[in-house]
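The structure appears right after this line, and notes come after that.
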Amino acid sequence: MEINSKYNPSEVEDKWYAYWQEHKCFHSEPDEKEPYTIVIPPPNVTGILHMGHVLNNTLNDVLIRKARMDGKNACWVPGTDHASIATESKVVAKLKGMGISKEDITREEFLKYAWEWKEEHGGIILKQLRKLGASCDWDRTRFTMDPELSQAVINTFVYFYKKGWIYRGVRMVNWDPEGHTAVSDDEVIHKDTKSHFYHMRYFISDGHGNPTDKYIVIATTRPETIMADAAICVNPNDERHHWMRGKKVLIPLINKEIPIIEDDYVEMDFGTGCLKVTPAHDAHDYEIGLRHNLPVLDIIDDHGRLNEKAQILIGEDRFVAREKIVKMLQDAGNMEKVEDYTSPVGYSERTNAVIEPRLSVQWFLKMGELAPRALASVEDGFIKFIPDKYRNTYRHWMENARDWCISRQLWWGQRIPAYYLPDGQIVVESSFEKALKAAQAIDPAIKPENLRQDEDVLDTWFSSWLWPISVFDPDMPGQPDHEPNADLKYYYPTSDLVTGPDIIFFWVARMIMAGNEFMNDVPFRNVYFTGIVRDKIGRKMSKTLGNSPDPLELIAKYGADAVRLGMLLCSSAGNDILYDESMIEQGRNFCGKIWNSFRLIKGWSVDESAPTPEHSAVAVKWFGQKLSQTICIVEDHYSKFRINDALMATYKLFWDDFCSWYLELVKPAYGAAMDKATYDATTGFFEALIKMVHPIMPFITEELWQSLEPRKDGETIMYAPTPKAGAFDEKFLADFDIAREAVASVRAIRKQKNIPMKSALELKVKGEFPEEMASAVKKLAGVSSVEKAQDADAQGVPFIIGTTEFFVPLAGFVNVEEELAKLEADLDYQKKFLEGVRRKLANESFMAHAPEKVVAVERKKEADALSRIESLTSQINSLKNN
RNA sequence: GGGAGAUUAGCUCAGUUGGUUUAGAGCGUCUGCCUUACAAGCAGAGGGUCGGGGGUUCGACUCCCUCAUCUCCCACCA
């Protein structure tokens, strides 16, 4: 059989992915086996794959493939999220390019465009995931706006409304003037922003709307809102301002009279101690307004422009208006001074627009009962967070959770099922027909055309919080009487969730709430939080910085397996990933290593009658045990979600133990055949190894597993059972390590003395040495004999392992002074070490307090140091006598 | 401003209830090798007073206090 000398991933990957799909290898149906379930964190339906997805989905795939090989019924449900704000803004942008404004078309027309956009761009990301090797059950692909899933969202809304947990409220919300919607507090990012602090003069009114010559100075960062001022507020304890109690002031430029009021909220030592109260455009001012019964005047429209109520600068954008009004105030003599000022300003997470606090009517879901229960799920250990530190973050948020603003002023999403009667009464029902009936129960005269549905849609998270339930049985959420279908019964709760810590509140917490409410059980057992993928110097990846590589290009260049390994190498749970392409090169190199070891093995011919050489027998015995030992370690790592530790242990087992030691030991002389026993053991080991690697690198392992021996059509390594650990003897493994050390020492001597492997050396041993290992040392160190040394022939280049002395007789090669210096340095170190240990043993307090075990360890250290010193002294003497 | 976490080799990180750790790994670095599986490789080597200071303890990378630096989360000082 001809094997390419180099591994060619692109050839192999598409072939096996198609094979897996053709044979339905990813598909799961409920059966009698233990389920292992993951639901994908749904990416934006029109998004494209970035490095964060690569990390997340690689981890998911490793877990799911591992579970599958462990014999579980593994099901990974894929899907996408409709991402209302992001998608709608893309569609708006597209329409703009076509010369169409959203305002000019109907909701239905807009949605038609949106669905077209979704059909065109939707699901690209799922195709890209296939390139990565993701073993999702594509037959189960879901979209948060699939009709059934949308209905689940509507049912949920109706359910909570009827339960009295959803209410409509006038609230100061975070208005995104670009997205034209309210966004939740969590979607606002506060950034310190440079601006100015404007000190303005408000003149005291004479009582008839005319200015007197007295004025007060008010500092603000937002002079464009002065027209909406409802009062000037000072602290009641601020004596500086008592003189103007009961007076009124005039708003500059428009000369509107407003009262001076007093409230504790105002800090005396901030700014001028005077606050302009603008209830419509600041959340705190709104609160003050409520306390003092101030009128609310909203002068900014949906787009962030001043409206006619502003009286001046009508139609101007708020920032343009700010510049203009500053000029006007200066011209009018109202501007006292302008200072540079940096203050936190809220930005929309989605559009990066400056958030405008704005009063509006929104729908809210009460957190009062949902949050404490969801908190308990984690606190009581029903859900485990990895790493654990996120429990703190979670607790803090859950204890302070505010009601969830679930309405969004958008069209793309699930429309709120609230219907208004002409008299303003509201009915909430899961369909128009039901709503009509309910409305007619109130007023039999109501006709369909009298009923008006709420214009807003629901927050996207209000659909994705149902995800672990609705992907299996969309009839479940919001319908407590519904009998869960077979899928839901079998797959829920899911096993593990892999996601980023940035959506712990948006998504993770809310899924827990929904799970508790509708399933009376948590939605998953473990949440593994990945880090955020950053570039090599720690910057977040972003399009503008251009530091975000295209995963598909990386896959094309290095292969999917290499990309997967590379991502995992630099990721431990919860730590940010400092991505560097060299990690992926390492993945590629590992593929090369695996590939070449296979070529080596496959290149051997077998001689049925050949006896097994001693060194091969030792090698087989050793690697079998080493494999078992490592399997235990790897399994332990997986059980603790220490994926990169599991990976590293596997990596070293393959590269160091198998390739560098085992294969070198059993490798026959060039052209010579190998005995059958060793050959069979070797292929067996190789198969076990690639099975261990498979969850991490699915493609190359499938290719080699299929090449290892003839397989039936439809057979796959995906369902090959994870290798099981056999017994292993620690002492035997330790003995082999002594042999390794001896080999390394001889090789080092060869290098120092420039002696090629071809010239055989002898090795003399003084002290204990496991006889069984002699053949291995001979083969790998190029040593012709390993013999017990008598005192007389204890000479040559020395080294010590443990307490055993070794000599490589090399007449003429020994540099006595050099060797002596090394030995004496070591001796010196050992003496000091011994001194330290003895000091400890002489310490009465230590002897009295330390447990026996620890004392025994110290005694052993003492003994070891003593015999090491003895060996060193002996070697020094031998050298001196030469 | 509040909270959480971090600081161990050049880089990225392990170090699991304080004592078999006389601090480890991978990558990188250095040296020598194109040795018929692999130069995307092989062999070998060097590299850290565990951020600073103090404390608890027989014993501290590990626990406590403090300082410094960094990261993240939450938070409206007009």
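Counting to the nearest Å, the C1' atom of B/U57 and the NZ atom of A/K840 are 12 Å from each other. Rounded to an integer number of Å, the gap from NZ of A/K832 to C1' of B/U22 is 14 Å. Nucleotide B/G41 holds its P atom 12 Å from the CG atom of A/D656, rounded to whole Å. Atom P of nucleotide B/A75 and atom CD1 of A/I355 are separated by 13 Å, given to the nearest angstrom. Atom-to-atom, CG of A/L578 to P of B/C27 comes out at 18 Å; the value is rounded to the nearest Å. The CG atom of A/D737 sits 19 Å away from the P atom of B/U20 (whole-angstrom rounding). As a whole-Å value, the separation of A/I869 CD1 from B/U22 C1' is 13 Å. Whole-Å rounding puts the A/N400 CG to B/G1 P distance at 20 Å.
As judged by a 4.0 angstrom heavy-atom cut-off over every strand, A/D282 is placed among residues making no nucleic acid contact. As judged by a 4.0 angstrom heavy-atom cut-off over every strand, A/R859 is placed among residues making no nucleic acid contact. Using a 4.0 Å heavy-atom distance criterion, A/Y829 is classed as a base contact. Residue A/Y265 is classed as a base contact, given a heavy-atom separation below 4.0 Å to a base. Note on A/M757: nothing from the nucleic acid sits closer than 4.0 angstrom, heavy atoms only. Within 4.0 Å of A/Q586, counting heavy atoms only, lie sugar-phosphate atoms of the nucleic acid but no base atom.
In this model, the phosphate group of B/C72 is approached by a side-chain N or O of A/R534 to a distance below 4.0 Å at OP1 or OP2. Between B/G3 and A/Y394, no contact under 4.0 Å exists linking OP1 or OP2 to a side-chain N or O. For the pair A/K861 and B/U22, the criterion of a side-chain N or O lying under 4.0 Å from OP1 or OP2 is met.
When ring centroids are compared, A/F197 and A/H199 come within the 6.0 Å threshold.
By the 4.5 Å heavy-atom criterion applied to side chains, A/S605 and A/M674 are not counted as neighbours. Contact check for A/P357 versus A/W175: no side-chain heavy atoms found under the 4.5 Å cut-off.
None of A/F654, A/F658, A/Y662 except one satisfies the ring-ring contact (aromatic ring centres under 6.0 Å, His included) rule with A/F685; the exception is A/Y662.
Salt-bridge check for A/R291 with A/D263: passed, with a basic side-chain N closer than 4.0 Å to an acidic carboxylate O. The residues A/E336 and A/R201 are annotated as salt-bridged, a charged nitrogen and a carboxylate oxygen being separated by less than 4.0 angstrom. Ion pair A/K822/A/E819 flagged as a salt bridge, since at least one NZ, NE, NH1 or NH2 atom sits closer than 4.0 Å to an Asp/Glu carboxylate oxygen.
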How does RNA chain B look in dot-bracket form if you count Watson-Crick and G-U pairs under 3.5 Å, write [ ] for pairs that cross, and put | where a base pairs with another strand?
(((((((..((((.....[....)))).(((((.......))))).....(((((..]....))))))))))))....
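The aromatic rings of A/W397 and A/F505 lie parallel to each other, their planes meeting at an angle below 30°, with 60° marking the opposite boundary.
Qualifying ring-ring contact (aromatic ring centres under 6.0 Å, His included) partners for A/F699, counting only residues two or more places apart in sequence or in other chains: A/W20.
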I need a per-nucleotide contact map over nucleotides 28-40 of chain B, read 5' to 3'. Cutoff is protein heavy atoms under 4.0 Å; write B for the base, S for backbone only, - otherwise.
---BS---BBB-B
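With hydrogens and angles disregarded, no donor-acceptor distance shorter than 3.5 Å links the side chain of A/R358 to the backbone of A/V173.
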